[in-house]
Amino acid sequence: MLVFFNKKALKLTTVFLAIVSLLGCASSENSSLSPDKVTPVDRGDYYADNATQAISQDSRVKFLIMHYTVENETEAFKTLATGNVSAHYLVTEHPRSFHHKPVITQLVAEDKRSWHAGLSNWSGRTNINDSSIGIEIVNKGFTDNNGVRTWYPYTQQQIDAVALLAKDIIRRHNISPEHVLGHSDIAPLRKQDPGKLFPWRQLAEKGIGAWPDDATVNKYLAGRSPLAAANVLTLQQTLKQYGYDTIPQTGILDKDTRTIISAFQMHFRPEDISGNADAQTEAIAKALVEKYLTRS
Ligand SMILES: [Zn+2]
């Protein structure tokens, strides 16, 4: 703003503007660089001007995938750091503390792919490595003895650390609740992790991942006994609609169908992961579809 608006001041201002204009022309010849905004980034043989960022953009990360390592901490660290598989993060059984906060190992930057998912599918997407962040959690998984499967529990310390990490990742990448999944959800015929003791409900109560509302489950249960037989085709169709792309659509409770139903149960009804097509499983699946896939 010109406060001293007299002839002399006007003359000086005109000269000044003319010089600025000449300098501007000289420095931006045949270019749309904005020297008055941000210095362009030197990329070696050219400069990138990122002074203006488009409003139409979002994160390439669409999924957050949970795993258990099977291996102990030392073995898992070696495998994930130097083997032909990896994960973005590794959460140990008792994460060390630094300034009263847990320390979580990061092995891959979030803008890079880590190789944690393998052949995988969810809701029309394949190769979930391309669009996900993977968290490996140190846990032995399960052992089978005389037909009895024993699962190993997670420590509350590591679940607390996973919760802090997951919440932060979900917020920064704006990941939808139904896209926070286990390896067994996106590769159900190959994988069981993070297993039936992974506390999905506890995490959902902290705002991490999907969980059905009891009232909606009861609505779809419609007075049936929870373990009453459900229509197999209806359950297959509902699970496919929710995201389990590879479940057969045959109406037959074959081996693959059972395995995928069991994967779903490990996530949302861990008390019974028999793979039976029962009314409660169908009601949970329908409640999830209603809550997360029919949003206006
Ligand atoms: Zn896994």
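Counting starts at 1 for both ligands and their atoms, in listed order. Because the structure is predicted, anything quoted here is derived from the model rather than measured.
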Engineer: How many angstroms lie between CG in Asp130 and CD1 in Ile128, if you round to the nearest 0.5 Å?
Structural biologist: 8.0 Å

Engineer: Kindly state each residue pair satisfying salt bridge (charged side-chain N to carboxylate O under 4.0 Å, His left out) with at least one member in residues 184-196, sequence neighbours excluded.
Structural biologist: none

Engineer: Between Gly209 and Val180, what is the shortest heavy-atom contact and its length?
Structural biologist: CA-CB, 3.8 Å

Engineer: With side-chain hydrogen bond (donor to acceptor under 3.5 Å, both in side chains) as the rule and sequence neighbours excluded, what pairs involving residues 158-169 come up?
Structural biologist: Gln156-Asp160, Asp168-Arg171, Asp168-Arg172

Engineer: Salt bridge or not between Lys291 and Asp213? Use side-chain N to carboxylate O under 4.0 Å.
Structural biologist: yes

Engineer: Could you please tell me which protein N, O or S atoms lie under 2.8 Å from the Zn ion (ligand 1)?
Structural biologist: His67 ND1, His183 ND1, Asp193 OD2

Engineer: Is there any ring-ring contact (aromatic ring centres under 6.0 Å, His included) pair reaching into residues 139-168, and which pairs are they, with sequence neighbours excluded?
Structural biologist: Phe142-Trp151, Tyr154-Phe198

